Amino acid sequence: MKNIHKKIKFFDPQIIIKKKLVNKKFQYIPRTKIPLPSEVEISESGTCNRKCSFCPRSDPNYLDIKEFIRPTLHDKLHKELAELNFSGTVRYSGFVEPLLDKNIYNLLKTARTINQKANLEMITNGDVLNPSRLIKLFNSGLNRLFISVYDGPKDIKKFVKIRSKTQLNDKQVVIRDRSFSSKKDFGLTISNRAGMLENAEYTIMPLKEKMEHPCYYPSYTFFMDYNGDVLMCAHDWSKKRILGNLRKQSFLEIWTSQLAKISRKKLNNSDRGFSPCNVCDVHGTLIGEKHSKAWKEILS
């Protein structure tokens, strides 16, 4: 029987904005018809200061590793992107809280110096944020900050007040309410994190039957962990499908690798019959259709 995806209870309006930006920033590798990612995500440490109920970190067995990305690895990625005239988004986010990294301001400064065309974004819970740190982030080269608010209306007011003490506007500093009840998916477009919420505080079980639905994530995103591992997808919290490692390979070698191409071809054709996609409930087609079509032409 065909697996029907669960109904989305909460739809983040930022998805529409993100979709437009991903399409606008569509690029090919120079002198080819191979699409570049429009989004590069850096999960620049192994640690976070929170264990949200809907996050795999609320699983008692999930490891918190207090290690941070090496500047040489971070800079290597940006240099290779700059050589390709990359003008998409580089987002500091992933499985972590980026503001726990004391070197984050230097990373942003270097990224901006190396690649002036990139749109630099960050997602934070804002726990360590204050007006001076907020200003410092943007002075270091950040274009946009997303604050995920988990503790309710009082914290929203707090962050609005922090933003008002700077000259930054609500398009530069986006405050997102993530304090809804489970009936509204906590204010998230929620998923089972590729099957990793089985033992979390808020449990979403791995699928027993794989979805018959395409997924565009590997067609338009490039996700690098702090140790250089490049994952097929940002939802793969189990880190099961590693496409390569940037310490040993180039960006292009990983992006155009055989495993990356096989993953895209299968998912673009609704084949989720491999780990971890066979237990994942992510819709996967809200963003990235243009990239998916471009890859289909190459991989058909």
Side-chain angles (χ1 to χ4, degrees), residues 22 25-46 63 65 67-96 98 101 103-104 106-108 110-115 117-121 194 215-268 274-277 288 291-292 294-296 298-299:
V22 164
K25 295 297 184 179
F26 181 93
Q27 293 176 269
Y28 291 109
I29 295 172
R31 298 174 296 281
T32 77
K33 285 295 182 180
I34 301 173
L36 280 169
S38 282
E39 294 196 342
V40 172
E41 190 164 353
I42 303 175
S43 188
E44 43 74 60
S45 80
L63 294 178
I65 302 171
E67 294 179 6
F68 299 88
I69 194 169
R70 294 183 179 180
T72 51
L73 174 62
H74 171 269
D75 297 355
K76 179 179 186 290
L77 175 60
H78 278 284
K79 287 174 183 176
E80 293 185 12
L81 290 174
E83 288 170 0
L84 296 167
N85 295 317
F86 177 80
S87 64
T89 294
V90 177
R91 184 176 298 110
Y92 296 81
S93 175
F95 310 141
V96 304
D101 188 351
N103 195 42
I104 192 66
N106 290 327
L107 296 180
L108 287 170
T110 305
R112 177 53 66 220
T113 300
I114 293 173
N115 193 347
K117 294 181 180 179
N119 171 47
L120 301 182
E121 295 184 350
C215 181
Y216 303 153
Y217 271 98
S219 292
Y220 77 94
T221 63
F222 182 93
F223 184 98
M224 188 178 77
D225 212 357
Y226 68 97
N227 62 359
D229 284 344
V230 176
L231 308 184
M232 180 195 67
C233 175
H235 288 277
D236 183 12
W237 281 71
S238 60
K239 305 181 182 183
K240 286 183 178 177
R241 199 165 181 87
I242 298 174
L243 303 179
N245 188 290
L246 199 76
R247 292 178 301 171
K248 305 170 185 177
Q249 300 161 273
S250 71
F251 166 85
L252 276 183
E253 285 173 335
I254 299 170
W255 180 245
T256 61
S257 68
Q258 192 64 21
L259 184 56
K261 289 178 179 177
I262 290 170
S263 301
R264 293 181 191 112
K265 185 172 183 178
K266 284 179 175 292
L267 290 174
N268 287 336
F274 58 95
S275 182
C277 302
H291 292 73
S292 173
W295 278 110
K296 274 188 174 182
I298 297 170
L299 300 174

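Everything numeric in this text was worked out from a predicted model, so none of it was measured. Because only heavy atoms are used, hydrogens play no part in the values below, and waters and symmetry mates are left out as well, while side chains stay in.
- A distance-only check finds a donor-acceptor pair linking the side chain of K265 to the backbone of L299 [under 3.5 Å].
- Counted by atom type alone, D229 and N227 present one or more donor-acceptor pairs between their side chains at under 3.5 Å.
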Q: Could you please spell out the steps behind the side chain to side chain contact (heavy atoms under 4.5 Å, CB included) verdict for M224 and V40?
A: CA-CA 8 Å; M224 188 178 77; V40 172; 6.0 Å; no

Q | Pair I42-H78, side chain to side chain contact (heavy atoms under 4.5 Å, CB included): steps then yes or no | A | CA-CA 11 Å; I42 303 175; H78 278 284; 4.1 Å; yes

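- Summarising the geometry, atom CG belonging to L107 is positioned 10.5 Å from atom CZ belonging to F68; distances are rounded to the nearest 0.5 Å.
- In this model, no donor atom of one side chain and acceptor atom of the other lie less than 3.5 Å apart for S275 and R241.
- Of all the heavy atoms in L259 and S263, the pair that sits closest is O-OG, 2.8 Å.
- Looking at heavy atoms from C-beta onward, F223 lies out of side-chain contact with C233 at the 4.5 angstrom threshold.
- Closest heavy-atom contact between G288 and Y216: C-CD1, 3.6 Å.
- Separation of atoms CG (N115) and CG (L77) is listed at 9.5 Å; rounding is to 0.5 Å.
- For the residue pair H235 and Y217, a side-chain donor N or O sits within less than 3.5 Å of a side-chain acceptor on the partner.
- Side-chain N or O atoms of Q249 include one that pairs as donor or acceptor with a backbone N or O of N245 at under 3.5 Å.
- In plain terms, the two heavy atoms of F95 and D236 that are nearest each other are CZ-O, 3.7 Å.
- In this structure, the separation between CH2 on W295 and CD1 on I34 is 5.5 Å, given to the nearest 0.5 Å.
- Taking the charged nitrogens against the carboxylate oxygens, K79 and E83 have no contact shorter than 4.0 Å, which rules out a salt bridge.
- Side-chain contact, D101 with S45: no donor N or O sits under 3.5 Å from an acceptor N or O.
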Q | From CA spacing to verdict: ring-ring contact (aromatic ring centres under 6.0 Å, His included), F86, F222 | A | CA-CA 12 Å; F86 177 80; F222 182 93; 9.5 Å; no

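- The closest donor-acceptor contact from the side chain of R264 to the backbone of P218 lies under 3.5 Å.
- The aromatic rings of Y220 and H291 are tilted relative to each other, their planes meeting at an angle between 30° and 60°.
- Once rounded to the nearest 0.5 Å, the distance linking CE of M232 with OG1 of T221 reads 9.0 Å.
- Distance check, rounded to the nearest 0.5 Å: CG of L120 to OH of Y92 gives 5.5 Å.
- Using a distance-only test at 3.5 Å, with no hydrogens or angles considered, a donor-acceptor pair links the side chain of K76 to the main chain of L246.
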**Q.** Trace of the side chain to side chain donor-acceptor pair (under 3.5 Å) decision for H74 with Y226
**A.** CA-CA 9 Å; H74 171 269; Y226 68 97; over 6 Å; no

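- To the nearest 0.5 Å, atom CG of residue L81 and atom CD1 of residue I114 are 9.5 Å apart.
- Between the side chain of T110 and the main chain of N106, a donor-acceptor pair closer than 3.5 Å is present.
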**Q.** Residue pair D75, R70: steps toward the side chain to side chain contact (heavy atoms under 4.5 Å, CB included) verdict
**A.** CA-CA 9 Å; D75 297 355; R70 294 183 179 180; over 6 Å; no

Q: I would like to know whether T72 and R247 meet side chain to side chain contact (heavy atoms under 4.5 Å, CB included); could you show each step before the answer?
A: CA-CA 9 Å; T72 51; R247 292 178 301 171; over 6 Å; no

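- The minimum heavy-atom distance between E253 and S250, with the atom names listed, is OE1-N, 2.8 Å.
- A donor-acceptor contact shorter than 3.5 Å is absent between the side chain of S43 and the backbone of D225.
- Side chain of E80 to backbone of F251: a donor-acceptor contact under 3.5 angstrom is found.
- Using modelled atom types, one finds a donor on one side chain and an acceptor on the other under 3.5 Å when comparing Q27 with S87.
- Looking at every heavy atom in both residues, W255 comes nearest to P35 through NE1-O, 2.8 Å.
- Side chain of T89 to main chain of R91: no donor-acceptor pair is present (N/O by atom type, distance under 3.5 Å, no hydrogens or angles).
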